[in-house]
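Lettering of chains follows the sequences in order, A, B, ..., and the numbering in each one begins at 1. Excluded from the calculations below are hydrogen atoms, water molecules and symmetry mates; all remaining heavy atoms, backbone and side chain alike, are included. The structure displayed is predicted, hence computed values, not measured ones.
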Amino acid sequence: MSRSTAIEAGLGPAPAGSPAAAGPLRAPGWRGPKLRKKTELTILLAPALILFVGFVFIPIVIAAYYSFYNWSGYGPLSDPIGFRNYSYAFHDPAFIQAIEHTLELTVASVVIQGPLSIGIALLLNRKFFGRGFLRTVVFAPYVLPPAVTGVMWSLILQPGGFADQLLKAFGLGGLVQLWLANVHVVLFTVFVVLTWQYLGFGIVLLLAGLQNIPIELKQAAAIDGASPWQVTRRITLPLLAPTIRIWGFLTVIGSLQIFDIVWVLTEGGPAGASSTITSYMVLQGVDSTDFGFASAIAVILFVFCLVFALIYQRFALRRDMQGAITRAVG
Amino acid sequence: MRSSRALAAVALAVTTATAAAACSSGSSSSSPTAAPSANSASSASTTAKVTLTWWNNATNQPLLGIYEAAIKGFEAKNPNVTITNVPVQNELLQDTKIPLALEGNNPPNIYQQWGGGVLGQQVTSGKVANITADVSSWISGVSGANGWQANGQQYGVPVDLHVVGFWYRKDIFSKVGITVPTTLAQLESDDAKLRAAGYAPIAVGSKDRWPDAFWWEYFALRDCPQATVQSAIKSECFSASCFGTASTDLAAFLKTNPFQTGFLGTSSQQGAGSSAGMVASGKAAMELQGDWDPSVMEGVSTNKSLSSELGWFPFPQTPGSAGSQTAVLGGGDGFSCTGSTAQVQACADFLQYLDSPSVQAQIVGPGQTGEPVITSESSAITLPATQTAAAYFKTASYEELYFDTALPTKPGQNLDTAIANYFSSPSSSTASAIANSPQTP
């Protein structure tokens, strides 16, 4: 008995608030099911909520609190300086430079990795011999820990290293650069390594999206006389758009926070030529033990990401998330 | 109602915890001042059990074994003391674990301490013990101990000292037919001959920034009188004109193209491609580094005969300039104490033990680097190049602590960054950035 009422009350088609359902259901056990639902929600949500509050929300609040102090990490917070950490940050050319580099990497990631991922995903979505193997190969770099990628590429990119030898072997010796030591080249180098690492992620995501496109639509279009290009342009890409939008979201957020590969390859150097917001933050916080200032940088980065996420969700992801987020919020 | 009471209870608990924390830190910082009144001899022989935790960077042999043997030796003499050895990887220890531990309420009783402005900064945590009275009877016999002072008080004790100089390949020098340079001009002409013979004359690990700083700091020692250097470090301002001269001299030297190709992206200690690795493998002929360099080279190279091929010479003289021509740049490894009066007392006794001749002989002995803090034990040094360094160290007019360590952390890091930027593009603007760097907010 209790089981059936629970199902009826909790999961039944009539929402609890609707007047038609309220009358008959309320009388027998109005308190019971509602309490049960509450208990269920509490038990099921509590672990995640505690983790989220403890490891995401509270640290953000604490970082924001630290950011208003001149604090080296030793001793009590005794020197409140208001917004001065923030004003220092925006007056420091090195930080502005780090923001520029981060934005350059972000834009390059979207503009260059996007079309590349889509193209390769479309290719790998066709049936051909060795497809599974190629998919694995393409995805393999993403599985490597970024620190390993960084160490590996720093060896490959040494002056006279594998990259230089390879270029020379193909008669392209003239293209050889001081990949990690030339201030004009190093950001480009970092981007190439980032692309190598993260391209596979986009491809796999888009492949999954491609699997969800019903084959009948393409077949119908083909029967109607659409050329393969037209099928791709008019059927596949529009239906792939939700996946592309999600990929864009993850890529932008990931690029704004890019740290590990940059740190291992260059530590943001030489002379800050490959610094990012996070590498600047770690230099200021961990190396210079200026934790108040570094917290301000963390808060600035958080705000960047949050603003982007909200705007992107509001405008780009609105349709994809209809019912999941937008309706619940609005 | 219920939840707000719970909240109040939590708030109360937090306040009590904070108060307790403040008390414990207060008592530990005041304990050293209480120590002088206590009879040190009697307190050392009290039978109450004392347990100490010791954080150090000796993750590898032979130092790990030397430290463990030292613990055993000390515990045998002081049966009431138990020391737990906690070796931690160097950068993790220095940059992360120690600062965090000093923020917390249970810092290690003995922890590695590199002295200078960083020590001064750590003292502000209120947890580092003032051991002036505990060590007063023997500290005068320890060379370099003043680097571990803050406000004239002893907050730590060195157990070995380091000197920065040129580690060079004797075999390459003789193959190219050059001798050890004593002046900068000779170094430059040696460089030209080495480059003509296909070697990178000097390797430098600019990616790490602090190796660049060694160069600028040595030019500063040569160009500035000792008093100017020390007042600049104290005031955290390098605007005296002689520091500008140092920058100009460095720029002129950089123009001679003395370093390996792509030195701005080279790390100093990681792998065969690092500056240490390049000297070890014979791609570069020398590098300006601290005396830990031979052990770093051993770690990144398979060259078995390296120790006999390595030589050492001091930073060349720049005749006619205003600074000392024999001053050396250096530092050392030491330890600080925290905890209760009894723990601090035991810690100070242990440091005395580490600085005793028998332990000192091991600390600088076979497979080890650095110079002893008891000069009599420099005979225990086995590596010929390090012997040369130690002999020169004794004759140096004075030793200056690496500037980034002598300064508090942030000014020191700012200085390193400014110097690294200068290496990347020497100009008047990057030079003036060096002058003001420590005071950049």
Heavy-atom closest pair (A:Leu180 atom, A:Pro270 atom, distance to 0.1 Å) is O-CD, 3.4 Å
(request) Kindly say whether B:Leu102 contributes a backbone atom to a donor-acceptor pair with the side chain of B:Lys127 at under 3.5 angstrom? (result) yes
Max heavy-atom pairs within cutoff under 4.5 Å with chain B, candidates A:Ser288, A:Ser154, A:Gly269, goes to A:Ser288
Under a 3.5 Å distance rule, please check whether B:Thr338 uses its side chain to pair with a backbone N or O of B:Pro108 as donor and acceptor. yes
Under a 4.5 Å heavy-atom criterion, the part of residues 113-122 of chain B in contact with chain A comprises B:Gln121, B:Gln122
B:Asn151 side chain to B:Gln153 backbone, donor-acceptor under 3.5 Å = no
B:Thr430 and B:Asn421 have their tightest heavy-atom pair at CG2-O, 4.2 Å
Answer key: most heavy-atom pairs under 4.5 Å with chain B among A:Leu178, A:Asn85, A:Val151 is A:Leu178
(Q) Any side-chain to backbone donor/acceptor pair from A:Gln113 onto A:Leu199? Under 3.5 Å, distance only. (A) no
Pair count under 4.5 Å, heavy atoms only, with chain B: among A:Ala271, A:Gly161, A:Ala273, A:Gly272, highest is A:Ala271
Okay, A:Val286 and chain B: the region with an atom under 4.5 Å from a heavy atom over there is both
Between B:Tyr155 and B:Ser336, the two heavy atoms sitting closest are O-OG, 2.7 Å
Of the listed A:Leu157, A:Leu265, A:Val186, the one with the largest count of heavy-atom pairs under 4.5 Å with chain B is A:Leu265
Discussion item. Can you confirm whether A:Phe188 is buried at CZ, in the sense that more than 12 heavy atoms of other residues, nucleotides or ligands lie under 6.0 Å from that atom?
Written reply: no
Among residues 199-215 of chain B, those lying within the under-4.5 Å heavy-atom range of chain A are B:Lys207, B:Asp208, B:Arg209
Contacts satisfying ring pair (Phe, Tyr, Trp, His ring centres under 6.0 Å) that involve residues 49-70 of chain A (not counting sequence neighbours) are A:Tyr65-A:Tyr69, A:Tyr66-A:Trp71, A:Phe68-A:Phe83, A:Phe68-A:Tyr86
Practice item. Indicate whether the side chain of B:Ser274 and that of B:Gln269 have a donor and an acceptor atom separated by less than 3.5 Å. Key: no
Look at the side chain of A:His101 and the backbone N and O of A:Thr276, then say whether any donor-acceptor pair between them is shorter than 3.5 Å. no
Under 4.5 Å to a heavy atom of chain B? For A:Thr266 that would be backbone
If one checks every heavy atom of A:Glu267 against chain B at 4.5 Å, the contacting part turns out to be both
Listed by number, the residues in residues 253-266 of chain B that come under 4.5 Å of chain A (heavy atom to heavy atom) are B:Thr261, B:Gly262, B:Leu264, B:Gly265
